[in-house]
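Indexing begins at 1, ligand by ligand and atom by atom, following the structure's order.
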Amino acid sequence: MKLFNKYPFLIGEISFNYYDLAKKEELSYFRVAKLLIEKCSECGINGVNFHVGDSEYLHCKYEEDSNQTDQLSFDEYKELAEYCKKLGLVFIITPANIEIVDKLNDVVDVYKISSSDLTNLPLIDYISNKHKPILLSTAASNLREIKSAVKCIEDNSNFKIIIMHSVLSYPTKLEDANLLMIKDLSEQFKDYDVGYSDYTVSDNFMFILTTAYQYGAVVLEKYFTLDKSFEGHEFAMDEEDARIVRLSANVLSKINGYKNKQPLICESFSKRNVRKSIVAKRDIKSGEIIDNSNIDFKRPGVGISPSKVDDIIGKNANRDISKGSLIEYDMLS
Ligand SMILES: C=C(OP(=O)(O)O)C(=O)O
């Protein structure tokens with residue numbers, strides 16, 4: 001089932017990335033969160049993901065700060081959801097518990113289940129029952145665990161699932177990205193689309209995310225920041241990165257084409273010009289037998305194909321054929 005209208009569906013994971021900028025610029029968290037949403041909408045991002053929960057849920061530097069809690073109120077989240085709607089962005093939350101689901105369900109478009117909750121079947125069960133699309137993060141898990149999470153969602157008659165490959169290691173080293181697992185997840189869960197949450201440090205070409213797309217991940221998620229120099233933001237994407245992903249994905253969507261090898265319409269003219277036909281190598285007299293000494297293979301491919309040479313070898317010319325002429329079947333008997 002295609003859950004989103006644009007593929008690849010690019011998600012800016014805002015998470016708690018508004019803290020640093022808010023502190024630096026002495027702005028409210030809400031104002032900066034709103035600014036990040038606006039910037040996401042300007043650079044080709046389709047949805048934003050907020051982690052809603054408490055500090056033990058985080059992996060950034062705040063996780064060691066036991067006083068640091070999620071600083072936006074539920075009313076502010078609702079306002080941000082409204083703002084997303086206005087800008088045409090999908091509003092995604094990764095809720096830490098069922099209370100959050102209850103508070104925000106009315107405004108949530110899509111839920112993400114964090115890999116830390118992949119085995120939290122009570123939470124998955126509760127979220128599934130809301131019948132909204134679910135991004136199921138699978139970092140640090142095995143197939144058995146993923147299958148039981150998927151079954152838990154399906155048991156609630158919710159089939160709006162995207163299986164997300166991700167790696168629970170920040171920043172993810174290139175050699176740990178294991179993008180081939182995207183292909184394995186696609187094979188294992190044929191009924192569902194697969195995505196990728198990327199925590200590697202970006203290169204200039206956004207090669208990791210575009211490769212993930214090439215490998216079949218149709219939902220691409222990466223932390224979003226306006227300033228990668230903040231501690232813990234080095235594996236996020238900024239606006240320029242998001243634009244590159246979008247442009248590269250557009251190119252990939254174009255160049256992939258048909259899977260099965262076949263001649264293409266765009267090749268037909270050149271094909272006719274470059275393929276070879278059987279021609280007379282020298283003047284051939286009427287009555288002469290056609291053999292390898294008096295024929296040649298030359299462009300264009302408008303006559304008898306060289307692949308049919310066995311059909312004419314041994315036949316008699318029924319007329320004179322001048323050197324360089326195409327040999328036609330009706331010239332032979
Ligand atoms: C919760 C996170 O990880 P995952 O994508 O593995 O759920 C995260 O880092 O945003």
Side-chain angles (χ1 to χ4, degrees), residues 8-20 33 36 40 45 47-65 68-70 72 77 90-97 100-101 108 110-121 123-124 127-128 133-143 145-146 149-150 152-153 161-173 176-179 181-182 184-185 192-202 208-209 212 217-225 228 230-237 241-242:
F9 185 84
L10 184 58
I11 299 172
E13 191 169 357
I14 291 180
S15 183
F16 296 91
N17 278 354
Y18 45 85
Y19 284 167
D20 298 278
L36 286 173
C40 281
I45 286 176
V48 294
N49 177 11
F50 283 90
H51 288 212
V52 188
D54 32 50
S55 57
E56 59 196 67
Y57 186 62
L58 300 177
H59 62 74
C60 61
K61 60 182 173 160
Y62 299 100
E63 69 183 347
E64 272 138 37
D65 178 354
Q68 185 69 58
T69 53
D70 183 23
L72 296 176
Y77 276 121
V90 169
F91 184 69
I92 305 163
I93 68 160
T94 308
N97 55 45
I100 292 164
V101 176
V108 167
V110 172
Y111 285 104
K112 180 179 174 193
I113 291 170
S114 158
S115 57
S116 56
D117 283 316
L118 185 79
T119 53
N120 187 350
L121 296 184
L123 178 66
I124 297 177
I127 291 174
S128 310
I134 292 177
L135 307 171
L136 182 68
S137 183
T138 62
S141 67
N142 59 41
L143 272 180
E145 290 167 328
I146 304 170
V150 168
C152 178
I153 302 170
I161 306 170
I162 303 231
I163 318 268
M164 302 291 290
H165 170 52
S166 86
V167 175
L168 196 59
S169 172
Y170 307 100
T172 306
K173 289 189 202 142
D176 288 331
N178 288 289
L179 292 192
M181 287 185 184
I182 292 166
D184 188 38
L185 288 172
Y192 299 114
D193 278 335
V194 169
Y196 174 54
S197 301
D198 177 28
Y199 305 116
T200 62
V201 175
S202 304
I208 315 301
L209 273 190
V218 291
V219 174
L220 304 174
E221 180 184 45
K222 196 164 177 71
Y223 274 84
F224 182 76
T225 185
K228 286 195 262 185
F230 285 127
E231 190 189 337
H233 292 216
E234 67 276 11
F235 52 94
M237 66 178 164
D241 295 333

Handout entry: Candidate with minimal heavy-atom separation from atom 5 (O) of ligand 1, of F235, Y223, Y199
Key = Y199
Problem - Proximity winner for atom 10 (O) of ligand 1, if only heavy atoms of K222, H165, E13 are counted - result: E13
Problem - Nitrogen or oxygen atoms of E221 and ligand 1 under 3.5 Å apart - result: no
Problem - Polar proximity ligand 1 side, Y170 side, N/O cut 3.5 Å exclusive - result: yes
Handout entry: With sequence neighbours excluded, residues passing side chain to side chain donor-acceptor pair (under 3.5 Å) with K228
Key = D241
Problem - Which segment of S114 sits under 4.0 Å of ligand 1 when only heavy atoms are counted - result: both
Handout entry: ligand 1-proximal atoms of S137, by part, heavy-atom distance under 4.0 Å
Key = side chain
Fill in the blank from the handout: Between the OG atom in S197 and the CG atom in L135, the distance rounded to the nearest 0.5 Å is 7.5 Å
Fill in the blank from the handout: Taken to the nearest 0.5 Å, the spacing of S166 OG from L118 CG works out to 9.5 Å
Practice task
Please state whether M164 comes within less than 4.0 angstrom of ligand 1, counting heavy atoms only.
Solution key: no
Practice task
Check whether any heavy atom of S166 sits under 4.0 Å from an atom of ligand 1.
Solution key: yes
Practice task
Give a yes or no on whether the backbone of L143 and the side-chain of E145 come within a donor-acceptor separation of less than 3.5 Å.
Solution key: no
